[in-house]
Asks: 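Dropping a structure here in structure tokens format, bear with me for questions.
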Amino acid sequence: MFKIFNTLSREVEEFKPLEEKVKMYSCGPTVYDYAHIGNFRTFVTVDFLRRFLRWKNYQVISVMNITDIDDKTIRRANEEGVSLSTITKRYEDAFFEDLKCLNCEKAQFHPRATEHIKEMIEICKDLEKNGLTYISQGSLYFRINSFKNYGKLSKVDKEGILEGARVDSDEYEKESARDFVLWKAKKEGEPFWTSPWGEGRPGWHLECSAMSRKYLGETFDIHTGGVDLIFPHHENEIAQSEGASGKSPVKYWFHIEFLLVNGEKMSKSKGNFYTLRDLLKDGYDPMAIRFLLLSVPYRKKLNFTLEGIDASKSSVKRLESFKARIVEEKKKLKEGVGGAEDEIASLKRKFEESLDDDLNTAESLGFLFDAVRIGNSLMDRGEIDYPSLNLLEEFVSEFENIFGIPLSREEILDEEIDKMIKEREELRKRKEFAKADKVRDELKEKGIVLEDTVNGVRWRRE
RNA sequence: GGCGCCGUAGCCAAGCGGUAAGGCAGGGGCCUGCAAAGCCCCCAUCACCGGUUCGAAUCCGGUCGGCGCCUCCA
């Protein structure tokens, strides 16, 4: 039974979907720049959750929006003197490339805000009808004092801002400090659409309410995002959706903790961020990065370091090598002796139980590595049987599927390297070890590492 | 001022009342022609103080330290 932490209740709850299919909405990127590795912690976690749910035999319908109209995208376009869509297209494409590189699957729907203005206006009309709005200086605002549930997600005080809090710059336009804009009046040099309240553009929170309603309905199961979105974004989203429909829109609010760099939040405004592209350029392996991002449970802050990627790389290599060994062992095993079926089955079960417990990936990996050690040990001693081997293979394959980290990268050796390996084998047979070692060193320089096993030579890329 | 998180070995990290998982790195050994991979062994009493308890890293109170949200932000 899968249990998931719900920000709404601040408790771990049993996961029970509203209907058969699980409906999930995820806050996506604002496409004004390359996403950084902190952003990707969230998106990789969402991908992990989706894979996990599917593995638990749920069908999942997922939606992730693309924010392609807001202050930042507009500013960027103006800075570069190009159209808004030039900017948003560029970074949207980059975003999907990066996702793919990290082996994240796309959602079924990736709706763009600019293509759902009509739906947003509908929400505003509903809110207006329900008496939750007012107009100030040409903009339409949501009046939080008219909405009794305001603050239920973030537990913030409805009564405005308290001492010490930073103050919203255009507060003066609003009746109450925490009221927020639904429809912004047109400003010079900004894109605009027509609406019943005049020309302007939608407020940021509106798109998620509108698009989730369109693609998933008024109520759905899971809504994901980074913890920073709890307030005000998701609080306001609830206000809009619930204010419009009268129904609580989301059953489980799923928030991913921050990724830190040197103990500090990574953010574009601080400039202390890595993009995926930076890391790849420096030769870091995307699957090692993915492993690192997933190895710390999503509700814990993750302190991101380059050393951490290296350590993860080593872990992934260990798993890769283990899988390769299982495949070989299966080929050569005639009839096995010994084995440790029960123990492996038990670890496999615990692996699942850990993930069931609010996705405790760190714990689950502990059990996986226990199985790796046991398996290696059995194979070392030649005391493995088919059932154990099959079980280990299944276990590894579950890891690959759920974590989205393939452990065999099918590669074909080019002829030259193949020749060198064969040549070295000849030399070794003739016990010309010095020459053989020289060939091995040459291969190493080409990034090919050799391992002489009882089943013959095995190669891998470093 | 309000809300919240965290402090476990060199690094990452599990642990939710019964006497410290796992990964990386390091040391020693086995295996190997030598390596590599793998295996075995070694490497912490859980920030600090006090309390509850037969028993606490785990519960309560306090101290110190770090971080986040309350503004755009994954």
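Each chain gets a letter, A, B and so on, in the order its sequence line appears, and its residues count up from 1.
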Asks: What's A/D71 touching, base or sugar-phosphate or nothing? Going by heavy atoms closer than 4.0 Å.
Replies: nothing
Asks: Give the rounded distance in Å between these two atoms: CG of A/D380 and P of B/A37.
Replies: 13 Å
Asks: The side chain of A/F258 is closest to which nucleotide in this list: B/C70, B/C69, B/A37?
Replies: B/C69
Asks: Please compare A/R460 and A/L259 by the position of their nearest nucleotide in RNA chain B and report the one closer to 5'.
Replies: A/R460
Asks: Do A/F5 and A/E11 come close enough that some side-chain heavy atom pair is under 4.5 Å?
Replies: no
Asks: Minimum heavy-atom separation for A/C27 to A/F43, with atom names?
Replies: O-CE2, 3.4 Å
Asks: In the structure shown, which nucleotide is the Watson-Crick or G-U wobble counterpart of B/C30, with both distances under 3.5 Å?
Replies: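 Pair assignment: B/C30 / B/G38.
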Asks: Under 4.0 Å: is that the gap between some side-chain N or O of A/N303 and OP1 or OP2 of B/G66?
Replies: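 No, A/N303 has no side-chain N/O under 4.0 Å of OP1/OP2 on B/G66.
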Asks: Assign A/K300 to base, sugar-phosphate, or nothing according to its heavy-atom contacts below 4.0 angstrom with the strands shown.
Replies: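 Sugar-phosphate: the residue A/K300, judged by heavy atoms under 4.0 Å, touches backbone atoms but no base.
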Asks: For A/V156, report the nucleic acid contact type (base, sugar-phosphate, nothing); a contact means any heavy atom under 4.0 Å.
Replies: nothing
Asks: I want to verify a distance call: between B/A25, B/C40, B/G4, whose nearest atom is closest to the A/R373 side chain?
Replies: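 When the side chain of A/R373 is considered, B/C40 is the closest of B/A25, B/C40, B/G4.
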Asks: Below the 4.0 Å mark, does B/A14 have OP1 or OP2 next to a side-chain nitrogen or oxygen of A/N360?
Replies: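 The answer is no; no side-chain N or O of A/N360 sits under 4.0 Å from OP1 or OP2.
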Asks: Which of the following nucleotides, B/A21, B/G4, B/A37, is nearest to the side chain of A/D370?
Replies: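 Selected nucleotide (nearest to the side chain): B/A21.
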Asks: At under 4.0 Å between heavy atoms, what does A/P29 touch on the DNA or RNA strands: base, sugar-phosphate, or nothing?
Replies: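 Contact class for A/P29: none.
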Asks: What nucleotide, of B/C72, B/A74, B/C3, holds the atom closest to the side chain of A/L229?
Replies: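 From the listed options, B/A74 comes nearest.
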Asks: Is there a side chain to side chain donor-acceptor pair (under 3.5 Å) between A/E13 and A/S9 once you walk through the steps?
Replies: CA-CA 9 Å; A/E13 301 177 12; A/S9 64; 2.5 Å; yes
Asks: Run through A/F52, A/F254, A/F258 and flag the one making a ring-ring contact (aromatic ring centres under 6.0 Å, His included) with A/Y298.
Replies: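 Among the candidates, only A/F254 passes.
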Asks: For the residue pair A/R325 and A/N376, confirm or rule out a side-chain donor-acceptor distance under 3.5 Å.
Replies: yes
Asks: With a 4.0 Å cutoff (strictly under), does any side-chain N or O of A/R299 reach OP1 or OP2 of B/C5?
Replies: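 Negative; the distance criterion is not met.
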Asks: At 4.0 Å (heavy atoms only), tell me whether A/G225 reaches a base, stays on the sugar-phosphate, or touches nothing.
Replies: sugar-phosphate
Asks: If you compare every side-chain N and O of A/N376 against the phosphate oxygens of B/G38 (OP1, OP2), does one of them come in below 4.0 Å?
Replies: no
Asks: So which one's nearest nucleotide on RNA chain B is more toward 5', A/I256 or A/F231?
Replies: A/F231
Asks: Using a cutoff of under 3.5 Å, can you pull out all pairs of nitrogen or oxygen atoms linking the protein to nucleotides 30-33 of chain B, with atom names and distances?
Replies:
{"residue": "B/G33", "atom": "O6", "partner": "A/R428", "partner atom": "NE", "Å": "2.9"}
{"residue": "B/G33", "atom": "N1", "partner": "A/D437", "partner atom": "OD1", "Å": "3.0"}
{"residue": "B/G33", "atom": "N2", "partner": "A/D437", "partner atom": "OD1", "Å": "3.4"}
{"residue": "B/G33", "atom": "N2", "partner": "A/D437", "partner atom": "OD2", "Å": "2.6"}

Asks: Which nucleotide, if any, forms a Watson-Crick or G-U wobble pair with B/C5, using both distances under 3.5 Å?
Replies: B/G66
Asks: Rounded to whole Å, how long is the line connecting atom NZ of A/K350 with atom C1' of B/G22?
Replies: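 Rounded to whole Å, this separation is 13 Å.
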Asks: What's the closest nucleotide to the A/L260 side chain, out of B/C67, B/C24, B/A14?
Replies: B/C67
Asks: Pairing check on B/U58: which nucleotide meets the Watson-Crick or G-U wobble criteria with it, both distances under 3.5 Å?
Replies: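 B/U58 is paired with nothing.
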Asks: Measure from CZ on A/F273 to C1' on B/C72 and round the result to the nearest Å.
Replies: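 After rounding, the reported distance stands at 14 Å.
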Asks: Is there a side-chain contact between A/F220 and A/Y25, using heavy atoms and a 4.5 Å cut-off?
Replies: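 A/F220 vs A/Y25: side chains touch.
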Asks: With a cut-off of under 6.0 Å to the ring centre and 45° to the axis, is A/K106 in cation-pi contact with A/F96?
Replies: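 Pair A/K106/A/F96 counts as cation-pi.
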Asks: Phosphate oxygens OP1/OP2 of B/C12: is one of them under 4.0 Å from a side-chain N or O of A/T305?
Replies: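 No, outside the criterion.
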Asks: Of A/T224, A/I222, A/L49, which meets side chain to side chain contact (heavy atoms under 4.5 Å, CB included) against A/S26?
Replies: A/T224
Asks: Now, which nucleotide makes the Watson-Crick or G-U wobble pair with B/G10, with each of the two distances under 3.5 Å?
Replies: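 Because both required distances fall under 3.5 Å, B/G10 counts as paired with B/C24.
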Asks: Base, sugar-phosphate, or nothing for A/K301, non-hydrogen atoms under 4.0 angstrom?
Replies: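 The answer is base, as A/K301 lies within the cut-off (heavy atoms under 4.0 Å) of a base atom.
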Asks: Between A/K444 and B/A36, is there a contact of a side-chain N or O with OP1 or OP2 at under 4.0 Å?
Replies: no
Asks: What is the separation between atom CD1 on A/I374 and atom P on B/G22, rounded to the nearest whole Å?
Replies: 10 Å
Asks: Would you mind telling me which of B/G23, B/G22, B/A37 lies closest to the side-chain atoms of A/E451?
Replies: B/A37
Asks: Nearest to the A/R325 side chain among B/G38, B/A37, B/A13, which nucleotide is it?
Replies: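 Minimum distance to the A/R325 side chain belongs to B/G38.
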Asks: Thinking salt bridges, do A/R424 and A/D437 make one under a 4.0 Å N-O criterion?
Replies: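 Salt bridge between A/R424 and A/D437, a charged N being under 4.0 Å from a carboxylate O: no.
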